[in-house]
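Here is the structure we will look at, set down as structure tokens.
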Amino acid sequence: MLTVDIIIEVENGIVLIERKNEPYGWALPGGCVDIGETCVDAAIREAKEETCLDISDVWLAFVYDAPDRDPRGHAVSMTYYATANGVPIAADDAKNAMVIDPTKLDELNVILCFDHKKIIQDYVTHKRQAFL
């Protein structure tokens, strides 16, 4: 499966959604790329569907392709960084949405799905390095 995950930067942190479907837990917004759709278009669509946010400044950050990253099967994720204004509102297959400080991930007691903890940790490391 080809998928996208989006780290959406908003005023007070990044957006997480709580999944309505299995595997349950919190995750970055994202989903499968539809046939005939580009990955960046899928990222923009999924962000809007799950968070009601219009994202901008979308750019490819990393590719995650570990065969065991998704319990439903081998899913390759094109992971994007983006920005948005406003407050996320859960919609589509998102049960809830929240904004977190990614540097405090270990303190939050949030159960993350897939490899999203690693993705967020990589994001924090990348942002720190960008400001050195």
Side-chain angles (χ1 to χ4, degrees):
M1 289 184 293
L2 181 58
T3 65
V4 294
D5 292 306
I6 313 103
I7 294 180
I8 304 172
E9 297 176 340
V10 293
E11 185 176 341
N12 295 315
I14 64 169
V15 177
L16 291 181
I17 56 107
E18 185 179 15
R19 295 176 47 82
K20 277 186 186 176
N21 304 309
E22 290 187 37
Y24 300 113
W26 290 88
L28 294 165
C32 291
V33 178
D34 292 339
I35 293 174
E37 183 177 43
T38 68
C39 292
V40 72
D41 286 345
I44 293 166
R45 175 184 54 77
E46 288 286 350
K48 182 72 170 181
E49 287 176 358
E50 294 183 346
T51 69
C52 299
L53 293 172
D54 292 311
I55 59 174
S56 59
D57 303 320
V58 182
W59 59 279
L60 180 64
F62 297 102
V63 175
Y64 293 88
D65 62 354
D68 61 350
R69 66 176 299 274
D70 188 327
R72 299 167 298 177
H74 190 177
V76 175
S77 173
M78 309 297 280
T79 301
Y80 290 88
Y81 293 172
T83 58
N85 292 313
V87 177
I89 299 169
D92 194 38
D93 57 354
K95 182 176 173 181
N96 291 300
M98 70 173 166
V99 176
I100 65 156
D101 177 342
T103 64
K104 299 190 184 320
L105 188 60
D106 289 333
E107 301 167 26
L108 295 175
N109 292 331
V110 174
I111 298 171
L112 290 168
C113 297
F114 317 112
D115 57 354
H116 289 192
K117 182 175 183 177
K118 177 178 178 15
I119 292 173
I120 294 168
Q121 289 170 332
D122 289 350
Y123 163 80
V124 169
T125 299
H126 181 256
K127 291 295 271 191
R128 282 189 186 133
Q129 290 173 346
F131 291 108
L132 291 179

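- Here the closest non-hydrogen pair linking Ala27 and Cys113 is CB-CB, 4.4 Å.
- Remark: the backbone N or O of Glu46 is not paired with any side-chain donor or acceptor of Glu49 at under 3.5 angstrom.
- Expressed to the nearest 0.5 Å, how far OG1 of Thr3 lies from CZ of Phe114 amounts to 8.5 Å.
- More than 12 non-hydrogen atoms from other residues, nucleotides or ligands lie less than 6.0 angstrom from CG of Asn21.
- Note: the hydrophobic cluster containing Val124 also contains Ile119 (ILVMFWY, side chain heavy atoms under 4.5 Å, direct or indirect links).
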Would you sort out whether Leu108 and Ile100 count as a side-chain contact (heavy atoms from CB on, under 4.5 Å), showing the intermediate values?
CA-CA 9 Å; Leu108 295 175; Ile100 65 156; 3.8 Å; yes

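- Of the possible donor and acceptor atoms, none in the side chain of Asp92 sits under 3.5 Å from a partner among the backbone N and O of Ala94.
- Between Ile120 and Leu112 the shortest side-chain heavy-atom distance falls below 4.5 Å.
- Partners of Thr79 by side chain to side chain donor-acceptor pair (under 3.5 Å), not counting sequence neighbours, listed by chain and number: Ser77.
- Residues Ile89 and Thr51 form no side-chain contact, since every pair of their non-hydrogen atoms from C-beta on lies 4.5 Å or further apart.
- Inter-residue side-chain proximity for Val76 and Tyr64 is flagged as unmet; no heavy-atom pair is nearer than 4.5 Å.
- One finds no salt bridge joining Asp122 and Lys117 here, because no Lys/Arg side-chain nitrogen approaches an Asp/Glu carboxylate oxygen to under 4.0 Å.
- Shown here for Pro23 and Pro71, the closest heavy-atom pair between the two residues is CG-CG, 4.0 Å.
- Side-chain contact check for Val15 versus Leu53: some heavy-atom pair is nearer than 4.5 Å.
- A donor-acceptor distance shorter than 3.5 angstrom exists from the side chain of His116 to the backbone of Leu28, with no hydrogens or angles considered.
- Residues Val4 and Phe62 are members of separate hydrophobic clusters, defined by side-chain heavy-atom contacts under 4.5 angstrom among Ile, Leu, Val, Met, Phe, Trp and Tyr.
- Proximity of Leu2 to Cys39: side-chain heavy atoms (C-beta onward) are separated by under 4.5 Å at one or more points.
- Closest of all the heavy-atom pairs between Arg72 and Arg19 is NH1-NH2, 3.5 Å.
- Residue Leu60 is not grouped with residue Met1 when hydrophobic side chains (ILVMFWY) are merged at heavy-atom distances under 4.5 angstrom, including chains of intermediate members.
- With sequence neighbours excluded, no residue forms a ring pair (Phe, Tyr, Trp, His ring centres under 6.0 Å) with Tyr80.
- Going from atom CD1 of Ile111 over to atom CD of Glu18 covers 10.0 Å, rounded to the nearest 0.5 Å.
- Grouping the Ile, Leu, Val, Met, Phe, Trp and Tyr side chains by contacts below 4.5 angstrom, directly or via other members, places Ile17 apart from Val87.
- Taking the side chain as every heavy atom from C-beta outward, Ile8 and Ile14 never approach each other to under 4.5 Å.
- Summarising the geometry of Ile55 relative to Ala84, their closest heavy-atom pair is CG2-CB, 4.3 Å, with the distance given to 0.1 Å.
- Side-chain contact between Glu50 and Asp93 is present, with heavy atoms from C-beta onward closer than 4.5 Å.
- Listed by chain and number, the residues in a ring pair (Phe, Tyr, Trp, His ring centres under 6.0 Å) with Tyr81 are Trp59, Tyr123, His126 (sequence neighbours excluded).
- The two atoms that bring Gly13 and Pro102 nearest to each other are CA-CD, 4.3 Å, heavy atoms only.
- When every heavy atom of Val63 is checked against every heavy atom of Met78, the shortest pair comes out as CG2-SD, 3.8 Å.
- Remark: side-chain polar atoms of Arg45 are not paired, donor with acceptor, to backbone N or O of Lys48 under 3.5 angstrom.
- The line from CZ of Arg69 to NZ of Lys118 is 11.0 Å long, rounded to the nearest 0.5 Å.
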